[in-house]
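Worksheet: one structure, shown below.
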Number of protein chains: 2
Amino acid sequence: MIKPQLQPSQSLHESVREELRRRIAAGTYPPDVAIPSTAMLSEEFSVSSITIKRALRDLQAAGTLVSIPGKGTYVKQQKRLLRQLDVMQPSLDDTSIRSVSVTREKISDPTLGTIAPRDQVMLCVRKTIWMDDEPIMHDTTYLSPDIGNEVVDEFGERFVVDALVRHSIHVTKTHLVIDAAPATAEVEEIFGIPNGYPMLRRLYRMVTSDPGITVYGVLQAPFDRLACTVDFP
Amino acid sequence: MIKPQLQPSQSLHESVREELRRRIAAGTYPPDVAIPSTAMLSEEFSVSSITIKRALRDLQAAGTLVSIPGKGTYVKQQKRLLRQLDVMQPSLDDTSIRSVSVTREKISDPTLGTIAPRDQVMLCVRKTIWMDDEPIMHDTTYLSPDIGNEVVDEFGERFVVDALVRHSIHVTKTHLVIDAAPATAEVEEIFGIPNGYPMLRRLYRMVTSDPGITVYGVLQAPFDRLACTVDFP
DNA sequence: GAGTGGTCTAGACCACCCT
DNA sequence: GGGTGGTCTAGACCACTCC
């Protein structure tokens with residue numbers, strides 16, 4: 001057994017973490033194969049298994065590793081989806097939409113509350129966007145509750161905006177706020193990510209050709225899965 | 001001593017974390033005053049101090065708490081700066097710029113490498129943007145190394161674009177990629193954030209009126225300090 | 001010197017997966 | 001049944017701050 005050389009500049013779990021990071025970058029631990037177990041790493045580095053677990057957990061939070069209880073810890077495949085920033089971008093061919101829920105509730109997200117009415121019960125449509133049988137985005141749309149039922153029925157199948165367009169209601173102005181925030185319990189479950197995992201979010205307010213209809217919402221994805229692109233002017 | 005009621009739906013450290021979150025939201029633990037020490041919380045919740053520390057560390061990662069060794073743990077003031085998405089937005093009056101370094105190096109960030117030349121030594125200007133004596137953003141600018149020295153000298157004082165404008169070189173097109181990524185060791189130190197803290201980033205490529213000059217860079221801030229806004233069309 | 005958070009350890013138990 | 005990661009504990013040491 002070869003004792004690896006750890007950089008002593010920092011605490012033990014930091015040294016272990018950085019050494020593992022180097023190995024991942026070097027391809028020593030390829031994806032699709034479990035990395036050595038905590039017990040093995042503990043022996044190899046001559047540190048307690050607690051310290052190994054601490055390093056592994058930090059690398060999970062950074063999106064580098066993913067641990068599956070009972071199986072092992074794996075290097076995460078780094079594939080970022082690049083999308084237009086504007087929420088109005090037409091859907092990609094290889095994505096599908098699954099409806100999660102349609103409810104009536106008030107806007108609870110504090111940041112969305114800055115660009116949308118807070119204390120008003122609205123129609124709330126939640127859906128997930130999938131690609132290659134993996135969830136890549138989650139959308140929460142709020143709009144006026146007095147929308148015709150024939151439109152509401154279509155919300156499950158397509159984006160709210162697409163459904164509105166089919167009824168000759170189109171978006172005239174879009175206001176966006178981009179931020180990052182820890183995942184809520186709801187999306188943690190959907191994406192299978194650990195608590196507090198950062199989400200890249202686009203909060204939107206869309207004015208339509210129908211003066212009575214304004215659409216609000218949040219379109220979000222795990223930070224390591226998405227990047228948005230835009231051009232000026 | 002009143003034993004608090006913990007929701008038993010989850011693991012211990014999760015229950016503790018959520019109870020602390022509730023108290024913070026309710027204002028039980030105001031900012032500027034240290035919350036009870038790990039020893040006190042350990043006694044109050046009747047769990048080991050390790051478990052308390054685990055909960056506190058997760059709340060730190062979420063940007064809710066900040067611990068200062070030897071002093072205590074504090075509720076973080078949640079003040080997000082809202083800025084225009086376009087990097088070209090004029091500087092605010094109450095911000096100041098501090099130069100960090102001017103070097104010659106290749107672009108190392110892999111994401112920036114997708115919109116900029118990778119294997120070319122460039123002039124690299126790093127600076128921090130401060131507001132109320134706190135660092136709020138960090139900028140890394142890359143540009144062609146054969147820029148006149150009289151322009152380079154101004155890079156320390158103002159944004160690279162502002163310096164170029166003073167020499168009649170203005171930006172004609174901006175291409176942006178917005179993403180979120182764990183903080184690098186360099187910016188960890190500047191912002192005083194824990195390892196892997198998520199950063200909201202804007203990676204830019206700017207074409208100028210001078211065909212020989214294209215500007216690349218990364219403008220980033222801790223995810224809980226910044227949000228960007230933009231309007232379409 | 002007392003109190004604080006940060007680190008590290010050994011040891012135990014559990015739920016889960018695979019064979 | 002053996003291996004995996006996840007959780008929890010008691011106990012120890014350190015560096016730091018404040019009085």
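Not measured: the values here are computed from a predicted model. Chain identifiers are assigned alphabetically (A, B, ...) following the order of the sequence lines, protein sequences preceding nucleic acid strands; residue numbering begins at 1 within each chain.
Mapping T51(A) and G72(B) onto DNA chain C by nearest heavy atom places G72(B) at the nucleotide closer to the 5' end.
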Annotated protein contacts, base or backbone, on nucleotides 14-19 of chain C with a non-hydrogen cut-off under 4.0 Å, one of B, S, - each: --BSS-
Using a 3.5 Å cut-off and no angle test, enumerate the donor-acceptor pairs between side-chain atoms of residues 62-71 of chain A and protein atoms at least two apart in sequence or in another chain.
unit_1, atom_1, unit_2, atom_2, d
S67(A), OG, Q60(A), NE2, 3.0
S67(A), OG, T73(A), OG1, 2.9

Extract all donor-acceptor atom pairs below 3.5 Å that involve side chains of residues 115-127 of chain A and protein atoms in other chains or at least two apart in sequence.
unit_1, atom_1, unit_2, atom_2, d
R126(A), NH2, E105(A), OE1, 2.9
R126(A), NH2, E105(A), OE2, 2.6
K127(A), NZ, F155(A), O, 2.5
K127(A), NZ, R158(A), O, 3.2

Counting only pairs under 3.5 Å, give me each side-chain donor-acceptor contact of residues 176-187 of chain B, with atom names and distances, residues two or more places apart or in other chains.
unit_1, atom_1, unit_2, atom_2, d
D179(B), OD1, R201(B), NE, 2.9
D179(B), OD2, R201(B), NH2, 2.9

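In the helix from dG1(C)-dC18(D) to dC18(C)-dG1(D), the rotation axis of the first five pairs and that of the last five pairs differ in direction by 0°, rounded to 10 degrees.
The pair E18(B)-R22(B) fails the salt-bridge criterion, with no side-chain N (NZ, NE, NH1 or NH2) lying under 4.0 Å from an Asp/Glu carboxylate O. Taking 4.0 Å as the cut-off between side-chain N and carboxylate O, R98(B) and D133(B) count as a salt-bridged pair.
Taking the six-membered ring wherever Trp is involved, the centroid distance between the rings of F223(A) and Y197(A) falls below 6.0 Å.
In terms of the side-chain contact (heavy atoms from CB on, under 4.5 Å) criterion, residue partners of E134(B) (sequence neighbours excluded) are, by chain and number, K79(B), R225(B). Listed by chain and residue number, S49(B), I52(B) satisfy the side-chain contact (heavy atoms from CB on, under 4.5 Å) test with S42(B) (two or more places apart in sequence, or in another chain). Residues passing the side chain to side chain donor-acceptor pair (under 3.5 Å) test with Y216(A), sequence neighbours excluded: none. For Y29(A), there are no ring pair (Phe, Tyr, Trp, His ring centres under 6.0 Å) partners at least two apart in sequence or on another chain. Every residue two or more places apart in sequence or in another chain was checked for a salt bridge (Lys or Arg N to Asp or Glu O under 4.0 Å) with K106(B), and none qualifies.
Within the 4.0 angstrom heavy-atom criterion, no nucleotide atom of any strand lies near S49(A).
Atoms CG and CZ, from D139(B) and R202(B) in turn, are 9.5 Å apart once rounded to the nearest 0.5 Å.
If you check residues 52-60 of chain A against DNA chain D, the residues with a heavy atom closer than 4.0 Å are K53(A), Q60(A), listed by number.
Heavy-atom minimum distance, H13(B) versus D58(B): CD2-OD2, 3.9 Å.
For DNA chain D, the contact window with chain A, defined by any atom under 4.0 Å from a protein heavy atom, covers dG3(D) to dC8(D) in 5' to 3' order.
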